[in-house]
Protein chains: 2
Amino acid sequence: MSSSRVPTNKKTAVACNNCSLSELCLPRGLTKEELTRLESAIDKAIKINKKDYLYRRDDPHQAIYAVKSGSIKTSLSTLEGEEQILGFYLPGDLVGFDAFANNKHSCDAQALEDTFVCELNMDSFHELCGSIASMRNGMMRQVGMEIGREHQLLLTLGQMRTEERLATFLTGIAERNQSRGFSSREFYLPMPRHDLANYLGMAVETLSRMFSRLQEDGIISVNHRLIEILAPERLKGLGHHQCR
Amino acid sequence: MSSSRVPTNKKTAVACNNCSLSELCLPRGLTKEELTRLESAIDKAIKINKKDYLYRRDDPHQAIYAVKSGSIKTSLSTLEGEEQILGFYLPGDLVGFDAFANNKHSCDAQALEDTFVCELNMDSFHELCGSIASMRNGMMRQVGMEIGREHQLLLTLGQMRTEERLATFLTGIAERNQSRGFSSREFYLPMPRHDLANYLGMAVETLSRMFSRLQEDGIISVNHRLIEILAPERLKGLGHHQCR
DNA sequence: AGGAATGCCTGACTTAGATCAAGTTTTACT
DNA sequence: AGTAAAACTTGATCTAAGTCAGGCATTCCT
């Protein structure tokens, strides 16, 4: 199943400090020597084919992963085969903190498209956290951001109407892209409608209607998974439930 | 507002290794000497009066707290004054991880009743995490459990019908009590209906109806906030969406 | 290239749960 | 103790969103 994970592809491996994502996944304030240590501990550019699992629930906690290209979704599945998607992870995001509680993963992580990740195995992780304070702090920061993302999603699922959920989601993606130097006006969504609807806690049909509505209102332009935001301020305005 | 936090009450202070909660909040595998260090860093038995805030959004991250008695709710509030409750913290639980991302809290933490907490300030926290591996691991475990709780809540809000949400919640409380040596058949809920409804993403009226329904079906007996579980297996059976 | 399967959209209908309204009980305050 | 406020329940009504059904468009596979 997840056997299509291939060994490090030396050709695409790039030193961390030359990687465009280093700002995102590298803790600040590492000395040159510490950076070398971190770098030598990281397995670079592991390929996960579309629909393959990076890990599954109950797998032992082997590593923390940084998404280099592509995208990953994490989800919880029930005995009846239903699922709840917990998060989408895009380039620059770190995945794998869900296994901290028991040293085994508590959810599934699946590639939405062909994806490359860098991998920091847990032995190295513990060693580096033990000996480098800024590494430890950087990781806590990342875990904190993960918790923050989940809080935001709880607010979305608990308080918002469907249109508002989609508006908030799209605004979030736009802002994320902005902060990473990509276009905040036009982007591709990596996930199918089915997954996005599940993530946002609504039926696919409802999601589809909301896309249509936002388009009719001239707020966005939808072309399959290519989204163009025509009126960012109006879109943002639909997200009533902004945090105080 | 939160000014009614009073200084450490020496009278009620109990050494960590004599505290009945030590199993829960103390990391395993500390040497005697390490335990002494941890203990001397902890401020014990700080009282938070009912409705007072342990911390508020944007407060600087001063400490991690262990609930000793009473209960705390954490919540996100929006500009319009609506809120989403994120979690209820009962004796033995640790609160305060939400501030890891930016060194300031990202949600509010308010006492549901008069509550005592122990406090480990962040300076000590960092120092202990830096020098004691089992302390570091224990904290990661706790953060992982926090993430796991939130995943469970996302599943609840995203997939379950209202009756199932309540059933799952009650089963969870019962199991939690069981594992801590309290009664899993009979317990008081520390929060008002309003808060529980908000946490479970439904209207108060709906929550009330679901309580009545479970009572009519002879599954539980409700007396205000005192809940007696008459048919634990049937209650658990209502929680369809159990994780694979 | 052709066929099957998947993904996405739209319309018609149904329903779970929200909202509105009112009454009772419990708690809080002077 | 007495009054006001808050907490909880129940009933009647309404609506947002789910479900069902059908039809294109796109992707995947041989």
Side-chain angles (χ1 to χ4, degrees), chain A residues 4 49-52 73 82-85 110-114 156-169 188-217 220-227 238 240-241, chain B residues 4 49-52 73 82-85 110-114 156-169 188-217 220-227 238 240-241:
Chain A
S4 58
N49 288 322
K50 181 173 177 173
K51 295 203 176 166
D52 276 349
K73 72 167 180 184
E82 293 174 278
E83 70 172 345
Q84 172 64 41
I85 295 180
Q110 191 180 20
L112 288 166
E113 54 197 315
D114 287 359
T156 301
L157 293 181
Q159 300 298 323
M160 297 182 191
R161 326 230 114 250
T162 53
E163 186 184 48
E164 191 176 359
R165 294 185 201 184
L166 177 56
T168 305
F169 174 78
Y188 275 99
L189 297 176
M191 74 294 284
R193 294 285 191 269
H194 177 83
D195 282 351
L196 184 52
N198 177 292
Y199 177 71
L200 295 175
M202 64 181 89
V204 205
E205 295 92 327
T206 305
L207 178 63
S208 189
R209 281 184 242 276
M210 293 308 141
F211 268 121
S212 303
R213 183 138 108 198
L214 292 179
Q215 181 157 243
E216 279 160 29
D217 293 350
I220 64 176
S221 156
V222 184
N223 195 325
H224 304 277
R225 297 192 189 173
L226 176 63
I227 308 294
L238 288 176
H240 268 247
H241 291 265
Chain B
S4 59
N49 289 322
K50 181 173 178 174
K51 295 203 176 168
D52 277 348
K73 72 168 180 183
E82 292 173 278
E83 71 171 346
Q84 173 64 41
I85 294 178
Q110 190 179 20
L112 288 165
E113 54 198 315
D114 287 358
T156 301
L157 293 181
Q159 300 297 324
M160 298 181 190
R161 326 230 115 251
T162 52
E163 187 184 47
E164 192 177 358
R165 294 185 200 184
L166 178 56
T168 305
F169 173 79
Y188 275 99
L189 297 176
M191 74 293 285
R193 295 284 191 271
H194 176 83
D195 283 350
L196 183 53
N198 177 292
Y199 177 71
L200 295 174
M202 64 182 86
V204 205
E205 295 93 328
T206 305
L207 177 63
S208 187
R209 282 183 241 277
M210 293 308 141
F211 268 119
S212 303
R213 183 137 106 199
L214 292 179
Q215 182 158 240
E216 279 159 28
D217 293 351
I220 63 175
S221 154
V222 184
N223 196 325
H224 305 275
R225 298 191 190 173
L226 176 65
I227 309 294
L238 289 177
H240 269 245
H241 290 264

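A, B, ... follow the sequence lines: proteins, then strands. Residue 1 opens every chain.
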Between CD of B:Glu216 and C1' of D:dT9 the distance, given in whole Å, is 12 Å

What integer distance in Å separates A:Leu166:CG from D:dA16:C1'? 16 Å

Any side-chain heavy-atom pair of B:Pro192 and B:Arg225 under 4.5 Å: yes

Whole angstrom value for the distance that separates C1' of C:dA16 from CD of B:Glu164: 14 Å

First encountered from the 5' end of DNA chain C, between A:Arg193 and A:Arg161: A:Arg193

What's the separation between atom CG in A:Leu157 and atom CG in A:Leu200, rounded to the nearest 0.5 Å? 7.5 Å

For the pair B:Gln215 (side chain) and B:Val222 (backbone), establish whether a donor and an acceptor sit closer than 3.5 Å, ignoring hydrogens and angles. yes

Whole angstrom value for the distance that separates C1' of C:dT24 from CG of B:Asn223: 15 Å

Show the distances under 3.5 angstrom between N or O atoms of the protein and N or O atoms of nucleotides 24-30 of chain D.
unit_1 : atom_1 : unit_2   : atom_2 : d
D:dT26 : OP1    : A:His224 : NE2    : 3.4

Note the angle between the end axes of the helix from C:dA1-D:dT30 to C:dT30-D:dA1, five pairs defining each, rounded to 10 degrees. 60°

Quick one: which of D:dC8, C:dC9, D:dT9 gets closest to the side chain of A:Ser212? C:dC9

d(CZ, A:Arg165; P, D:dA16) in whole Å: 14 Å

For the pair A:Gln159 and B:Asn198, evaluate side-chain contact (heavy atoms from CB on, under 4.5 Å) and give the outcome as yes or no after the intermediate values. CA-CA 9 Å; A:Gln159 300 298 323; B:Asn198 177 292; 3.4 Å; yes

Residues A:Glu205, A:Arg193: salt bridge by 4.0 Å N-O rule: no

Counting heavy atoms not belonging to A:Arg213, are there more than 12 under 6.0 Å from its CZ? no

Measure across B:Glu163 and B:Leu238 and return the closest heavy-atom pair with its distance rounded to 0.1 Å. OE1-CD2, 4.1 Å

Please state how far atom CD in A:Glu163 lies from atom P in D:dA16, giving the value in whole angstrom units. 11 Å

Which of the following nucleotides, D:dA17, C:dC8, D:dT9, is nearest to the side chain of A:Pro192? C:dC8

In whole Å, what is the span from the CG atom of B:Leu226 to the C1' atom of D:dC8? 15 Å

Applying a 4.0 Å non-hydrogen cut-off, can you work out what A:Arg225 is touching in the nucleic acid: base, sugar-phosphate, or nothing? sugar-phosphate

Please determine if B:Lys73 and B:Glu83 form a salt bridge, counting it only when a charged side-chain N lies under 4.0 Å from a carboxylate O. yes

I'd like to know if the side chain of A:Glu113 reaches the main chain of A:Lys50, judged simply by a donor and an acceptor atom lying under 3.5 Å from each other, with no hydrogens or angles considered. no

Taking it one step at a time, do A:Met191 and A:Leu196 satisfy side-chain contact (heavy atoms from CB on, under 4.5 Å)? CA-CA 7 Å; A:Met191 74 294 284; A:Leu196 184 52; 3.9 Å; yes

Between B:Ile220 and B:Phe211, is the side-chain contact (heavy atoms from CB on, under 4.5 Å) condition met? List the steps. CA-CA 8 Å; B:Ile220 63 175; B:Phe211 268 119; 3.9 Å; yes

Could you tell me if B:Arg165 sits above the aromatic ring of B:Tyr199, with its cationic atom closer than 6.0 Å to the ring centre and no more than 45 degrees from the axis? no

Rounding to a whole Å, what distance do you find between A:Met160:CE and C:dA18:C1'? 18 Å

Do any of residues 198-210 of chain A sit with a heavy atom less than 4.0 Å from DNA chain C, and if so which? A:Glu205, A:Ser208, A:Arg209

